[in-house]
S.K.: 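My questions will all concern the structure given below.
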Protein chains: 2
Amino acid sequence: MAKSFDSVWTRAPRQPRTSGLTRDQIVRAAIDLLDSEGLPALSMRKLGGRLGAGATSLYWHVANKDELLELALDEFWGLVDDGGGLDGSGSLRETLTTYAYNLRAVLLAHPWAATLIGQLPSWGPRAFRLGERLRRTFTDAGFQGLDVYLAGGTVNSFVLGQIVPVIAMEKAHGGPVRQQDVVGMLDGLATDYPEMRADYHTVMPEDSTAGQALGFDFGLMCVLDGLETRLRGRPGADTVSGETNATGPS
Amino acid sequence: MAKSFDSVWTRAPRQPRTSGLTRDQIVRAAIDLLDSEGLPALSMRKLGGRLGAGATSLYWHVANKDELLELALDEFWGLVDDGGGLDGSGSLRETLTTYAYNLRAVLLAHPWAATLIGQLPSWGPRAFRLGERLRRTFTDAGFQGLDVYLAGGTVNSFVLGQIVPVIAMEKAHGGPVRQQDVVGMLDGLATDYPEMRADYHTVMPEDSTAGQALGFDFGLMCVLDGLETRLRGRPGADTVSGETNATGPS
DNA sequence: ACCTGAACACCGTTCAAGT
DNA sequence: ACCTGAACACCGTTCAAGT
């Protein structure tokens with residue numbers, strides 16, 4: 001095909017000095033891609049393409065893909081922090097309930113973050129800021145010493161563990177799961193366990209989103225009850241290791 | 001190079017009729033590879049190589065890589081089930097403590113499973129068998145209706161959520177994490193949060209494995225306390241939705 | 001200082017062809 | 001029935017070279 005007339009006017013002007021890629025820009029584009037297409041769909045080439053650059057251009061701003069994902073993960077923690085819940089007004093129970101529901105919502109909105117939490121360290125500034133707020137919440141409530149961190153870890157791990165299988169289900173099903181789909185699956189697969197199957201017919205909520213919320217609420221209450229017991233039980237104690245009931249890790 | 005003398009005797013005998021690959025064999029080899037090199041290191045080519053076969057041979061026995069991973073994940077659930085803890089002797093508290101520690105240990109021994117739980121459904125026979133045992137544990141203890149499943153989900157999600165970040169830490173560090181490494185990292189990164197840093201110096205256990213176990217124990221006690229509260233509180237209730245304290249998902 | 005292209009060593013999966 | 005090899009459309013990353 002014929003070349004078009006080249007001239008100063010047809011040729012794209014040289015990019016103004018600082019109009020190249022920014023690390024921020026790259027991270028934002030990565031999060032867009034992660035939100036819309038999911039973690040496995042994020043490739044350096046595709047991301048470069050979206051930014052109108054070669055894939056390898058990204059490597060000047062970022063050491064490798066994992067580093068980019070660490071940056072995205074820290075943005076996620078920033079969203080959790082922004083969601084609030086830890087501003088210090090209200091009872092511990094209210095504060096933690098708000099925080100837990102917020103963390104849950106942000107995780108469901110950015111499911112890739114749940115995967116990354118299991119693969120990369122959360123050592124960015126936003127993660128630390130959130131950690132500090134969580135720490136203050138528990139010290140203000142009266143927790144002391146190691147218990148401050150153990151209590152925070154208990155809430156976080158519960159929320160994370162609650163969401164992780166939900167993400168797997170939605171991925172397997174290719175979208176939000178309806179209760180009837182679960183029932184249909186169980187009727188086909190759990191033929192050896194009639195009681196379980198019957199329960200799914202009779203006792204599970206119609207709306208599986210509501211069911212998941214019920215499970216979350218149930219578990220959260222258990223955790224909060226336990227935390228309050230621990231707080232009231234021995235107000236000045238440094239740790240609770242003396243009242244352990246565990247048989248120990250195997 | 002010269003061909004060696006070909007004959008019936010030099011030529012390898014035709015494989016006996018059923019000596020080819022087995023699905024079981026493939027899954028076992030996959031788990032070996034996952035245990036020794038981790039999830040990202042598992043490729044169909046490498047797995048085929050280990051079995052003395054072409055990568056593409058595997059596709060006769062297994063539809064795709066995800067299906068293979070589903071099979072491996074079900075084996076994991078089998079290991080959890082074999083670990084016991086749900087045999088029905090002892091109090092609910094004892095039973096659940098043993099179960100939780102066992103689940104934790106099996107997850108730590110096969111960290112890839114924690115990742116897969118977040119990406120694939122657990123709909124294999126061993127997962128169902130374990131689910132049934134868990135169901136019986138809670139019905140025997142007096143839970144009814146939906147609460148049976150909510151209680152089981154609470155224990156499982158706590159354990160899973162507790163282990164997921166530990167896996168990330170070990171991966172980032174390339175091996176088991178020593179407390180001094182965490183302290184060193186925090187001194188460098190959490191400069192804005194002196195109280196947090198000080199706590200890590202004074203209050204964290206020397207042995208970070210012990211620290212993780214403490215955190216697990218603390219949280220598990222919270223969960224168990226909460227479950228017992230719920231059990232004693234309203235022995236005949238079908239669900240606990242009436243006593244929710246949640247502000248609701250956003 | 002920032003970006004490009006070619007190149008390397010990989011991936012998962014399909015499919016015609018072999019035995 | 002079971003396995004192979006070539007092929008396709010991808011990967012992350014390095015590095016010399018450009019501007």
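First the proteins, then the strands, lettered A, B, ... as listed; each starts at 1.
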S.K.: Distance criterion of 3.5 Å, no angle test: do you see the side chain of Ser43(B) paired donor-to-acceptor with the base of dG12(C)?
M.R.: no
S.K.: So if I take every side-chain heavy atom of Ser57(A) and compare against dC3(D), dT4(C), dT14(C), which nucleotide ends up nearest?
M.R.: dT4(C)
S.K.: Sort and list the pairs that fulfil side-chain hydrogen bond (donor to acceptor under 3.5 Å, both in side chains) and have at least one residue in residues 54-72 of chain A, not counting sequence neighbours.
M.R.: Arg23(A)-Glu67(A)
S.K.: Could you tell me the separation between the NZ atom of Lys65(B) and the P atom of dT13(C), rounded to a whole number of Å?
M.R.: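 In whole Å, dT13(C) P and Lys65(B) NZ are 8 Å from each other.
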S.K.: Side-chain donor-acceptor pair under 3.5 Å between Ser208(B) and Gln179(B), yes or no?
M.R.: no
S.K.: If I take atom CZ in residue Arg45(A) and atom P in nucleotide dA9(D), what distance separates them, rounded to the nearest angstrom?
M.R.: 14 Å
S.K.: I'd like to know if Lys46(B) and Glu37(B) make a salt bridge, using a cut-off of under 4.0 Å between side-chain N and carboxylate O.
M.R.: yes
S.K.: Could you tell me whether Leu68(A) contacts a base, only the sugar-phosphate backbone, or nothing, with contacts defined as non-hydrogen atoms closer than 4.0 Å?
M.R.: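 It contacts nothing in the nucleic acid.
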S.K.: Report the distance from atom CG of Leu39(A) to atom CG of Leu116(A), rounding to the nearest 0.5 Å.
M.R.: 5.5 Å
S.K.: Rounded to the nearest Å, what distance is computed from the CG atom of residue Leu51(B) to the P atom of nucleotide dC3(D)?
M.R.: 10 Å
S.K.: Just compare dA1(C), dT4(C), dG12(D) and give me whichever is closest to any side-chain atom of Trp60(A).
M.R.: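 For the Trp60(A) side chain, the nearest candidate turns out to be dA1(C).
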S.K.: Rounding to a whole Å, what distance do you find between Lys46(A):NZ and dC11(C):P?
M.R.: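 Value for this atom pair: 20 Å.
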S.K.: Starting at atom CG of Leu47(A), determine the distance to atom C1' of dC10(D), rounded to an integer number of angstrom.
M.R.: 16 Å
S.K.: Roughly how many Å apart are dA9(D) and dA9(C), using the P atom of each and rounding to a whole number?
M.R.: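 Nearest-Å result for dA9(C) against dA9(D) at atom P: 22 Å.
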S.K.: How many whole angstroms separate atom CG of Asn64(B) from atom C1' of dC15(C)?
M.R.: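 Those two atoms, CG and C1', are 16 Å apart.
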S.K.: Starting at atom CG of Leu58(B), determine the distance to atom C1' of dC11(C), rounded to an integer number of angstrom.
M.R.: 14 Å
S.K.: Is a salt bridge present between Asp81(A) and Arg126(A), judged by a nitrogen-to-oxygen distance below 4.0 Å?
M.R.: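 No salt bridge links Asp81(A) with Arg126(A).
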S.K.: OP1 or OP2 of dA1(C) sitting under 4.0 Å from any side-chain N/O of His61(A)?
M.R.: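 No, no such contact exists.
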S.K.: If I take atom CE in residue Met44(B) and atom P in nucleotide dA7(D), what distance separates them, rounded to the nearest angstrom?
M.R.: 21 Å
S.K.: Return the nearest nucleotide to the side chain of Ala53(A); candidates are dT4(C), dC11(C), dT14(C).
M.R.: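 So the side chain of Ala53(A) is nearest to dT4(C).
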S.K.: How does DNA chain C look in dot-bracket form if you count Watson-Crick and G-U pairs under 3.5 Å, write [ ] for pairs that cross, and put | where a base pairs with another strand?
M.R.: ||.|||||...|||||.||
S.K.: Does this structure show an ion pair linking Arg135(A) with Glu132(A), if we count only N-O contacts that are shorter than 4.0 Å?
M.R.: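 Between Glu132(A) and Arg135(A) there is a salt bridge, with a charged N closer than 4.0 Å to a carboxylate O.
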S.K.: Looking at every non-hydrogen atom in both residues, tell me the closest pair between Ile167(A) and Gly118(B) and how far apart they are.
M.R.: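 Looks like CG2-O, 3.8 Å.
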